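Here is the structure we will look at.
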Amino acid sequence: MAKNVSLLNNKIWLSSPHMSGHEEKYIKEAFNSNWIAPLGPNVNGFENDLESYLENKVHVAALTTGTAAIHLALVLLNIKENDEVICQTKTFAASVNPVTYLRAKPVFVDSEKDTWNMCPELLEHTIKDRMKAGVKPKAIIIINLYGMPYKVKEINTISKKYNIPIVEDSAEALGSSYFDQKCGTFGDLSILSFNGNKIITTSGGGALVSKNKETKAKIIYLATQAKEPGIEYSHVTTGYNYRMSNILAGIGRGQMKVLDRHVEFRRKNYNYYLKHLDTIDDISFLNEPEGFYSNRWLTCIVLKTNQMRDDILKLLGEDNIEARPSWKPMHLQPVFNQYPKYLNGVSDDLYKKALCLPSGSNLTKIELNRITKIIKQYFE
Ligand SMILES: *Cc1c(COP(=O)(O)O)cnc(C)c1O
């Protein structure tokens, strides 16, 4: 009997790793050839797989983490102490931390309601206002939050108009697209993450995506301690130790085989939740605007009130189900609250009312049913 009870209450995770079964083959190859060091055939293979997935529009350098990729992107853009970098406030802290590694200053901009990503009108207002105060922002870090593409046309037009480069944080959006072009190709530089909870994982990993071979070469140079060619250890600039290891890249190669399937499963989760919960008046969903295709990394629902959100979070927790509030905006974080912010209320509202539901590509129908049943019962 006890066995049945524990089966019913199996932990349901928000977003857990989902292996394809092909990963070990590549790891074994690395062991058999003793290629355990960083660099090596799996790193090149993984980068090639990513480049062809991104339709050979870009060049990909595999790194240790998505955070490292953002850090190097800002180094490449020559961000220095006291420079201002415009950041989406509705995101995970990893998008912003690298700005402060460089002693630069984040300037936070709020979201719009259609995608939950940076509001174009507020972005332009922010740029004008900073310029009026005598500082022109040096870069814009934009997010494809929970897999939903940002408003590419509007934002990139503003970026061009003011000549401020974009770093596209696509950590959550590998497999998403905007009018049939893949996310991860829209920034002057773009980043990907392969952390354990992402759409595919290398256990830990990331990539920096650039537009040409020369930039990719420069990224690899900086990510391997900026060592000059030759056998002497000569250095003329500060380097980093950010290159992905050949073992982890092997996991990535195995994961690339199932990336599209993972997207399909996550979109199915979203559709399941939509079908079973959309009839409840107090729950709303984030629909895809025309031309937007989200990998639905996480399904988030918006409750009518903060109280409802907290109640449901608690009920799910009591049944051993991991749900989470949506990202707490950066302008509300003690570590960042001294920086300038341009707000419209959208991120504050979502912070109070949005709830991320379990969304892993390995969820079963039985698990999805267990989750939606609890939410439906709450409203009965
Ligand atoms: C996960 C994540 C990152 C950081 O990636 P890591 O590989 O964990 O360093 C950056 N930005 C966003 C929006 C993320 O969700």
Side-chain angles (χ1 to χ4, degrees), residues 13-17 46-47 50 60-75 85-101 106 108-111 115-118 139-150 155 166-176 183-184 186-187 189-209 219 223 240-245 248-249 251-252 255 262 266 286 294-300 324-331 333 335-336 347 350-351 354 356 359-360:
W13 299 96
L14 186 68
S15 178
S16 69
F46 185 38
E47 288 175 347
L50 285 163
V60 176
L63 303 177
T64 47
T65 63
T67 311
I70 297 172
H71 188 188
L72 278 194
L74 297 176
V75 169
V85 176
I86 295 184
C87 298
Q88 182 167 321
T89 189
K90 181 76 180 163
T91 187
F92 177 50
S95 312
V96 181
N97 279 331
V99 175
T100 56
Y101 298 168
F108 295 113
V109 174
D110 217 321
S111 292
T115 69
W116 299 5
N117 292 311
M118 197 181 284
I140 301 163
I141 302 177
I142 191 120
I143 323 295
N144 299 310
L145 201 75
Y146 300 124
M148 184 63 81
Y150 72 97
I155 297 280
I166 288 181
V167 176
E168 178 196 17
D169 178 346
S170 210
E172 303 176 359
L174 184 58
S176 299
C183 288
F186 292 113
L189 293 160
S190 301
I191 75 100
L192 303 170
S193 168
F194 315 110
N195 195 27
N197 59 349
K198 298 298 185 336
I199 192 113
I200 60 166
T201 183
T202 57
S203 79
L208 182 48
V209 180
I219 292 162
Y240 303 83
N241 187 5
Y242 279 173
R243 195 73 165 124
M244 181 178 278
S245 92
L248 300 190
I251 305 178
Q255 289 271 285
H262 283 195
R266 289 195 186 241
L286 182 64
S294 170
N295 67 10
R296 296 293 185 191
W297 173 58
L298 295 186
T299 292
C300 298
R324 292 281 188 95
S326 67
W327 300 126
K328 179 173 179 174
M330 294 303 112
H331 70 269
Q333 309 282 2
V335 63
F336 294 131
S347 65
L350 288 171
Y351 171 54
C356 301
S359 301

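What's counted below: heavy atoms across the whole structure, side chains too, no hydrogens, waters or symmetry copies. Since the model is a prediction, treat every value here as computed from it, not as a measurement. Indexing begins at 1, ligand by ligand and atom by atom, following the structure's order. Sequential numbering from 1 along the given sequence is applied to the chain's residues.
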Pairs under 3.5 angstrom, nitrogen or oxygen on both sides, ligand 1 versus protein: list them out, please.
unit_1, atom_1, unit_2, atom_2, d
ligand 1, 5 (O), S193, OG, 3.2
ligand 1, 7 (O), G66, N, 2.8
ligand 1, 7 (O), S193, OG, 2.7
ligand 1, 7 (O), G205, O, 3.4
ligand 1, 9 (O), G66, N, 3.3
ligand 1, 9 (O), T67, N, 2.9
ligand 1, 9 (O), T67, OG1, 2.5
ligand 1, 11 (N), S95, OG, 3.4
ligand 1, 11 (N), D169, OD1, 3.3
ligand 1, 11 (N), D169, OD2, 2.7
ligand 1, 15 (O), E172, OE2, 2.6
ligand 1, 15 (O), K198, NZ, 3.4

Just list the side-chain donor-acceptor pairs under 3.5 Å for residues 65-74, sequence neighbours left out, or say none.
unit_1, atom_1, unit_2, atom_2, d
T65, OG1, T67, N, 3.4
T65, OG1, A68, N, 2.8
H71, ND1, Y242, OH, 2.8

Handout entry: Residues in side chain to side chain contact (heavy atoms under 4.5 Å, CB included) contact with S203, at least two apart in sequence or another chain
Key =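 Testing S203 for side chain to side chain contact (heavy atoms under 4.5 Å, CB included), a comparison that skips the adjacent residues, returns L248.
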Problem - Partners meeting side chain to side chain contact (heavy atoms under 4.5 Å, CB included) with T115 (sequence neighbours left out) - result: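 For T115, the residues satisfying side chain to side chain contact (heavy atoms under 4.5 Å, CB included) (neighbours in sequence not counted) are E112, N117, M148, K151, P289, F292.
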Exercise for the section: Could you verify whether a donor N or O on one side chain and an acceptor N or O on the other, from D169 and S95, lie under 3.5 Å apart? Expected result: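 Their side chains do contain a donor-acceptor pair, which is all the 3.5 Å distance test asks for.
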Practice task
Using the six-membered ring wherever Trp is involved, compare the ring planes of F186 and Y150 and label them parallel, tilted or perpendicular (cut-offs 30° and 60°).
Solution key: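 The rings of F186 and Y150 stand perpendicular, inter-plane angle above 60°.
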Exercise for the section: For residues F46 and F194, establish whether the separation of their ring centroids is below 6.0 Å. Expected result: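 Aromatic pair counts; centres sit under 6.0 Å.
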